[in-house]
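Below is one structure, written out as structure tokens; the observations come after it.
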Amino acid sequence: MTVHKSQGSEFDHTALVMPAQFLPVLTRELVYTAITRARKQLTLYSDLGIFQRAVQLQTQRRSGLVERLAQLN
């Protein structure tokens, strides 16, 4: 099951298997979601550098909401 499909679910034991190369989808939010699916135990399979890079990358949202709210003033 993917991290995205697991949202809203919890499991006693969760395994997070990260790819061998960095991908832009690997973000802090994705890692957080994966970790919080585990009730009791998490097993992480990852290269340390890829994991560190993922937790440092925050999702950039581009909804335009901030700009629209600024125009209201």
Side-chain angles (χ1 to χ4, degrees):
M1 177 182 297
T2 66
V3 173
H4 288 105
K5 286 185 179 182
S6 72
Q7 287 182 320
S9 301
E10 286 186 338
F11 307 93
D12 286 337
H13 180 205
T14 301
L16 175 58
V17 181
M18 298 181 75
Q21 63 185 30
F22 184 79
L23 301 169
V25 71
L26 299 175
T27 64
R28 174 185 300 207
E29 292 81 6
L30 183 93
V31 172
Y32 173 83
T33 300
I35 290 171
T36 58
R37 300 307 94 205
R39 276 190 211 123
K40 297 179 181 178
Q41 182 179 356
L42 171 76
T43 303
L44 174 64
Y45 299 95
S46 177
D47 175 82
L48 180 59
I50 291 173
F51 178 77
Q52 289 175 328
R53 189 168 172 193
V55 297
Q56 292 172 353
L57 182 63
Q58 289 185 276
T59 301
Q60 297 295 315
R61 307 219 184 263
R62 306 225 186 264
S63 68
L65 181 60
V66 172
E67 291 79 13
R68 285 190 232 169
L69 290 173
Q71 291 174 353
L72 295 176
N73 291 331

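Below, each value reflects all heavy atoms present in this structure, side chains not excepted, and no hydrogens, waters or symmetry copies. Please read all numbers here as calculations on a predicted model, not as lab measurements.
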For the backbone of Ser9 and the side chain of Arg37, can you confirm whether one donor and one acceptor N or O come within less than 3.5 Å of each other?
yes

Neighbour count >12 (heavy atoms, 6.0 Å) for atom CZ, Arg53
no

side-chain hydrogen bond (donor to acceptor under 3.5 Å, both in side chains): which pairs involve residues 11-23, sequence neighbours left out?
Asp12-Arg39, His13-Thr43

What distance separates Phe51 CZ from Leu26 CG, expressed to the nearest 0.5 Å?
11.0 Å

Give a yes or no on whether Val66 and Leu72 share a hydrophobic cluster (residues Ile, Leu, Val, Met, Phe, Trp, Tyr; joining criterion: side-chain heavy atoms under 4.5 Å apart).
no

State plainly whether one hydrophobic cluster holds both Met18 and Phe11, where clusters connect Ile, Leu, Val, Met, Phe, Trp and Tyr through side-chain heavy atoms under 4.5 angstrom apart.
no

I need the minimum non-hydrogen distance between Ala54 and Val31, along with the two atoms involved.
CB-CG2, 4.1 Å

Ala15 and Tyr45 have their tightest heavy-atom pair at CB-CE1, 4.3 Å

Are Leu30 and Thr33 close enough that some pair of their side-chain heavy atoms sits under 4.5 Å apart?
no

Within this structure, what is the CD-CG distance for the pair Glu29 and Leu57, rounded to the nearest 0.5 Å?
8.0 Å

Are Leu16 and Val3 close enough that some pair of their side-chain heavy atoms sits under 4.5 Å apart?
yes

Kindly check if the number of other-residue, nucleotide or ligand heavy atoms within 6.0 Å of OH (Tyr32) is above 12?
no

